Amino acid sequence: MPHAIKNYVRWVDAINRRVGKYALYLVFVMMGILLFSSISRTFFNVPFDWTMEMAQFTMAAYYLLGGGYSMQLKAHVRMDVLYERWSERKRAMVDVMTSGFLIFYLVVLLYGGLSSALYSLEYGQRNYSSWGPPMAPIKIIMVIGILLMLLQAVAVFFKDLAKARGKELV
């Protein structure tokens with residue numbers, strides 16, 4: 001593989017590893033928000049409007065920003081009916097063929113997410129709830145997460161292509 005592709009794969013892997021490791025801590029942030037909500041409602045009888053939506057936004061950021069990292073770790077769910085029985089090289093060949101669908105899907109998702117984020121910024125879109133938070137921040141996080149996953153999908157494609165040819169990329 002060309003040197004530029006190897007550098008691309010290393011660069012994308014490093015970025016997704018770093019972002020993914022920081023995104024892991026968002027679960028604890030979400031748990032803290034929900035714990036605060038439970039304590040304030042149960043012991044002080046003071047419910048807050050923002051806690052459930054903030055927990056949902058935190059969870060969305062967690063899985064969107066961690067998507068590329070989980071792809072890098074091969075932690076996504078697979079149908080192992082036949083896949084598990086195949087050799088590494090055959091798996092890589094099938095992954096090369098199917099990764100085109102994933103990349104296409106992520107490009108369409110990125111286009112829609114970018115359009116939605118720009119709309120939120122332009123019109124100051126707010127959520128329809130009693131708290132009414134602005135939607136732009138979570139939509140921007142969504143676009144970043146989809147972009148990172150798209151970059152990782154391309155990197156995984158190159159790794160699988162090298163493996164299908166009988167070589168290791170990195």
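What you see is a predicted model, and the numbers here were worked out from it, not measured in a lab.
Using a 3.5 Å distance cut-off with no hydrogens or angles, the side chains of Gln152 and Asn16 do pair a donor with an acceptor.
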Please test Met149 against Met71 for side chain to side chain contact (heavy atoms under 4.5 Å, CB included), starting from the C-alpha separation and ending with a verdict.
CA-CA 8 Å; Met149 195 162 182; Met71 183 182 289; 3.6 Å; yes

Run the salt bridge (Lys or Arg N to Asp or Glu O under 4.0 Å) test on Lys159 and Asp13 for me, step by step, so that the C-alpha distance in whole Å, both residues' side-chain angles and the decisive distance to 0.1 Å come before the verdict.
CA-CA 11 Å; Lys159 288 179 191 177; Asp13 280 353; 2.8 Å; yes

Decide yes or no on ring-ring contact (aromatic ring centres under 6.0 Å, His included) for Phe48 and Phe36, but give the supporting numbers first.
CA-CA 9 Å; Phe48 288 96; Phe36 171 78; 5.2 Å; yes

I would like to know whether Asp95 and Val156 meet side chain to side chain contact (heavy atoms under 4.5 Å, CB included); could you show each step before the answer?
CA-CA 9 Å; Asp95 288 344; Val156 168; over 6 Å; no

Walk me through it: do Arg91 and Lys163 pass the test side chain to side chain contact (heavy atoms under 4.5 Å, CB included)?
CA-CA 9 Å; Arg91 287 182 202 171; Lys163 196 180 290 183; over 6 Å; no

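Summarising the geometry, atom CG belonging to Leu110 is positioned 9.0 Å from atom CG belonging to Leu151; distances are rounded to the nearest 0.5 Å. Interatomic distance, Ser130 OG to Glu53 CD, rounded to the nearest 0.5 Å: 7.0 Å. Rounding to the nearest 0.5 Å gives a distance of 6.5 Å between CG of Leu147 and CG of Leu150. Atom CG of Leu34 sits about 11.0 Å away from atom CD1 of Ile39, to the nearest 0.5 Å. Going from atom OG of Ser115 over to atom NZ of Lys139 covers 9.0 Å, rounded to the nearest 0.5 Å. Within the model, atoms CE of Met59 and CD1 of Ile33 stand 12.0 Å from one another, a figure rounded to the nearest 0.5 Å.
At a threshold of 4.5 Å between non-hydrogen side-chain atoms, the residues Asn7 and Arg10 count as touching. Using a 4.5 Å heavy-atom threshold, the side chains of Ile140 and Pro137 count as separate.
Residues Phe28 and Tyr62 are members of one and the same hydrophobic cluster, defined by side-chain heavy-atom contacts under 4.5 angstrom among Ile, Leu, Val, Met, Phe, Trp and Tyr. Cluster membership for Tyr119 and Ile146, using ILVMFWY side-chain heavy atoms within less than 4.5 angstrom, is not shared. Cluster membership check: Ile141 shares its hydrophobic cluster with Tyr63, using side-chain heavy-atom separations under 4.5 Å among Ile, Leu, Val, Met, Phe, Trp and Tyr. Follow the hydrophobic side-chain contacts under 4.5 Å out from Leu64 and you reach Leu118 in the same cluster. When the side chains of ILVMFWY residues are joined at heavy-atom separations under 4.5 Å, either directly or via intervening members, Leu148 and Val27 end up in a single hydrophobic cluster.
Annotation for Ser37 and Ser40: closest pair O-OG, 3.1 Å, computed over non-hydrogen atoms. Annotation for Ala153 and Leu102: closest pair CB-CD2, 3.9 Å, computed over non-hydrogen atoms. When all heavy atoms are compared, the tightest approach of Ala23 to Leu65 is CB-CB, 3.9 Å. A pairwise comparison of heavy atoms in Gln125 and Ser120 identifies OE1-OG, 2.6 Å as the closest pair. When all heavy atoms of Leu26 and Thr58 are compared, the pair lying nearest together is O-CG2, 3.3 Å. Taking every heavy atom of both residues into account, Trp131 and Met54 meet most closely at CH2-SD, 3.9 Å.
Taking a cutoff of 4.0 Å between a charged side-chain nitrogen and a carboxylate oxygen, Arg89 and Asp160 do not qualify as a salt bridge.
Counting non-hydrogen atoms of other residues, nucleotides and ligands closer than 6.0 Å to CZ of Phe104 gives a total of 12 or fewer. Atom CG of Asn45 is surrounded by 12 or fewer heavy atoms from other residues, nucleotides or ligands within 6.0 Å.
Scanning for side chain to side chain donor-acceptor pair (under 3.5 Å) contacts around Tyr8 gives an empty result, with sequence neighbours left out.
The backbone N or O of Pro47 lies less than 3.5 Å from no partner atom in the side chain of Arg41, so there is not a single donor-acceptor pair. The backbone N or O of Met135 lies less than 3.5 Å from no partner atom in the side chain of Arg126, so there is not a single donor-acceptor pair.
Geometrically, Arg17 does not engage Tyr69 in a cation-pi contact, judged by NZ or CZ lying under 6.0 Å from the ring centre and within 45° of the ring axis.
Aromatic pair Tyr105/Phe101: ring centres not closer than 6.0 Å.
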